[in-house]
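Note sheet for the following structure.
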Amino acid sequence: MAEPANSLVKRNSLERFLLLFADVRAGEGLTAILLTVNLFLLLTAYLIIKTVREALVLSEGGAEIKSYAAAGQALLLFLLVPAYGYMASRVNRIKLINGATLFFISNLAAFYLLSRLRVPLGVIFFLWVGIFNLFIIAQFWSFANDIYTEDQGKRLFAIVAFGGSLGAVLGPKVASTLFEPFGPYLLMLVTAALLGVCLIFPNIVNRIESHGGRAAKKASDGSQPLAKGGAFKLVIGKPYLLLIAFLLIVSNLVNATGEFILGKTVTQEARRLADAAPAASVDDKAKPPPEEQKSKKVRDYIARFYGDFLFTVSLGSGLAQLFLVSRIMKLCGVPASLYFLPIIALTGYSIVAFIPTLAFIHWAKVLENSADYSLQNTARQALFLPTTREEKYKAKAAIDTFFVRIGDLLSTGVVLLSVQFSLALQTLSVINVSLIALWLLLVIGIGGSYRALAARQIKAASQSDSAGRLA
């Protein structure tokens with residue numbers, strides 16, 4: 001529906017500024033900024049802890065162990081997703097968000113205490129971070145989908161998602177700067193503190209939306225628990241949701257295999273440099289043994305590489321989010337926006353198959369991940385706008401956690417094959433090229449289903465308005 005011509009005078013100064021980036025209407029600015037800041041802090045916290053995760057798991061076990069550990073996340077999520085759905089059917093949305101966030105804060109405190117007892121944390125912390133990231137971000141976007149109507153989400157998600165891109169720029173830089181002086185374990189406490197601050201914003205937004213008179217039906221629904229019903233049953237019972245689930249499986253399989261290619265190459269380079277560096281004399285009692293020195297050099301190189309890599313990815317995704325995403329989605333629509341990432345990935349892996357050097361793999365992954373974290377992420381979140389509340393929370397949680405990790409599990413199978421048969425990195429790139437062809441077919445199917453759902457929703461809203469006027 002077109003916006004009234006005189007609505008411009010109703011916008012406050014914040015909303016007029018936000019017009020530079022998206023179509024923000026009167027009364028929408030404050031909620032959009034609060035959600036943006038919330039996602040900014042969540043992604044800052046996650047990218048700090050992700051850098052810690054990479055350093056711990058790669059230095060303790062290498063890229064193969066990292067890939068195998070990802071399979072364990074899928075098994076854990078098979079148990080955790082139903083538990084999350086059980087809680088969602090018994091508490092309202094704000095209690096669900098607060099409870100999940102406090103749970104993860106307590107986990108970080110426990111990890112810090114375990115580190116003081118010198119318990120090896122590389123693999124277990126890797127498992128935890130993968131679950132934490134998927135749940136906390138999926139929950140945020142479920143809340144945003146619940147707050148906004150379909151029209152609002154299409155217009156405002158680009159601004160909200162920019163908060164995540166900005167946080168993803170700051171997080172790796174903080175981690176890269178503080179990793180050596182603080183060490184990995186104090187950074188866990190930094191992350192816990194940031195999560196504590198994050199609790200403020202959904203509570204404020206929930207209060208604004210519940211008492212603001214806008215989207216009254218959504219506000220009243222938000223005070224009630226969700227209807228009973230299993231998350232997996234919701235996904236399997238609706239072809240549209242099942243297509244999204246398969247999309248995430250395939251896209252994450254491609255990404256996880258690409259991360260293995262990058263991690264393997266980085267680890268090889270770190271060990272090569274550590275072997276080439278001169279070691280301290282065995283008579284020098286002030287320095288640790290040569291093997292311990294080498295291990296520290298490997299870990300520090302990996303941490304610096306991933307800190308810089310994640311910073312570059314986040315900067316690229318942030319610029320794309322700010323200047324390109326809203327314009328692409330407005331011009332192309334939500335379904336067509338999903339084509340950009342697979343085309344970028346197809347180009348990158350096709351070239352890596354012929355040029356498997358660290359420098360080129362690095363920049364191919366920078367472009368892929370930048371598009372993934374900006375346009376792809378925003379469009380993917382918008383796919384849930386025409387769904388029910390149960391599908392937004394329960395089905396989305398299942399899709400964004402369990403089905404994503406199924407992609408990791410399949411990637412583990414690819415890694416096992418590569419180790420068993422000594423497959424070259426070029427061969428893994430060719431496998432990814434084949435998977436991207438399937439990815440593009442899924443995007444075609446999702447586009448048709450999305451347009452059908454959106455049309456039905458518009459028709460239902462029109463009939464409801466007509467009935468209201470007649471009454």
Side-chain angles (χ1 to χ4, degrees), residues 50 53-54 56-78 122-124 126-127 129-131 133-134 245-272 298 302 305-306 309 341-362 364-365 367-369 372 399 401-442:
K50 183 177 181 180
R53 178 196 76 176
E54 297 298 326
L56 290 179
V57 74
L58 287 175
S59 62
E60 290 183 16
E64 288 86 359
I65 297 298
K66 172 185 170 181
S67 185
Y68 301 155
Q73 292 171 352
L75 300 177
L76 290 172
L77 287 166
F78 189 74
V123 174
I124 189 172
F126 181 88
L127 292 171
V129 171
I131 292 170
N133 168 48
L134 295 176
F246 279 119
L247 174 72
L248 265 67
I249 290 173
V250 174
S251 63
N252 200 53
L253 172 56
V254 170
N255 183 268
T257 304
E259 290 293 334
F260 172 74
I261 293 171
L262 179 63
K264 181 73 171 178
T265 310
V266 170
T267 305
Q268 289 172 346
E269 180 67 8
R271 288 173 178 165
R272 184 187 70 79
V298 170
I302 293 169
F305 177 90
Y306 272 97
F309 168 75
L341 178 59
I343 291 172
I344 290 170
L346 179 64
T347 304
Y349 289 112
S350 296
I351 299 175
V352 168
F354 295 98
I355 313 175
T357 63
L358 177 57
F360 189 83
I361 294 169
H362 167 237
K365 285 299 293 178
L367 291 174
E368 179 190 348
N369 288 3
D372 190 6
I399 290 171
T401 59
F402 177 76
F403 288 97
V404 165
R405 288 307 175 219
I406 289 294
D408 288 328
L409 186 61
L410 294 175
S411 179
T412 300
V414 174
V415 172
L416 284 169
L417 288 174
S418 74
V419 174
Q420 184 70 27
F421 297 102
S422 300
L423 299 180
L425 297 183
Q426 295 98 313
T427 304
L428 294 178
S429 297
V430 171
I431 291 172
N432 265 1
V433 168
S434 302
L435 289 168
I436 293 168
L438 175 59
W439 183 349
L440 287 167
L441 291 175
L442 289 169

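The structure displayed is predicted, hence computed values, not measured ones.
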Minimal non-hydrogen separation, [X] against [Y], with atom names:
| X | Y | result |
| --- | --- | --- |
| Val430 | Ala353 | CG2-CB, 4.1 Å |
| Val250 | Leu435 | CG1-O, 3.6 Å |
| Ser429 | Ile261 | OG-CD1, 3.8 Å |
| Gly263 | Tyr306 | CA-OH, 3.4 Å |
| Gly348 | Phe360 | O-CE2, 4.0 Å |
| Leu341 | Glu368 | CD1-O, 3.3 Å |

To the nearest 0.5 Å, how far apart are [atom1] in [X] and [atom2] in [Y]?
| X | Y | atom1 | atom2 | value |
| --- | --- | --- | --- | --- |
| Ile406 | Ile399 | CD1 | CD1 | 13.0 Å |
| Ile351 | Ile361 | CD1 | CD1 | 12.5 Å |
| Leu247 | Leu440 | CG | CG | 10.0 Å |
| Asn432 | Asn255 | CG | CG | 9.0 Å |
| Ile343 | Trp439 | CD1 | CH2 | 10.5 Å |
| Leu367 | Asp372 | CG | CG | 12.5 Å |

Exercise. Going by the angle between their ring planes, with limits at 30° and 60°, are Phe305 and Phe309 parallel, tilted or perpendicular?
Worked result: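 Rings of Phe305 and Phe309: parallel, under 30°.
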
Return the set of residues passing side chain to side chain donor-acceptor pair (under 3.5 Å) with [X] (not counting sequence neighbours), or none when no residue passes.
| X | answer |
| --- | --- |
| Asn252 | Asp408 |
| Thr257 | Ser411 |
| Glu269 | Arg272 |

Is [Y] close to [X] at the side-chain level, that is, under 4.5 Å between some pair of heavy atoms?
| X | Y | value |
| --- | --- | --- |
| Ser418 | Val414 | no |
| Leu77 | Leu134 | yes |
| Leu346 | Val433 | yes |
| Val254 | Tyr349 | yes |
| Thr357 | His362 | no |

For this session: Only one of Leu425, Asn369, Val352, Leu358 passes side-chain contact (heavy atoms from CB on, under 4.5 Å) with Leu262; say which it is.
Result: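 Testing each of Leu425, Asn369, Val352, Leu358 against Leu262, the sole residue satisfying side-chain contact (heavy atoms from CB on, under 4.5 Å) is Leu358.
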
Exercise. Above 12 or not: heavy atoms from other molecules or residues under 6.0 Å from CD1 of Ile131?
Worked result: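 Yes, enclosed.
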
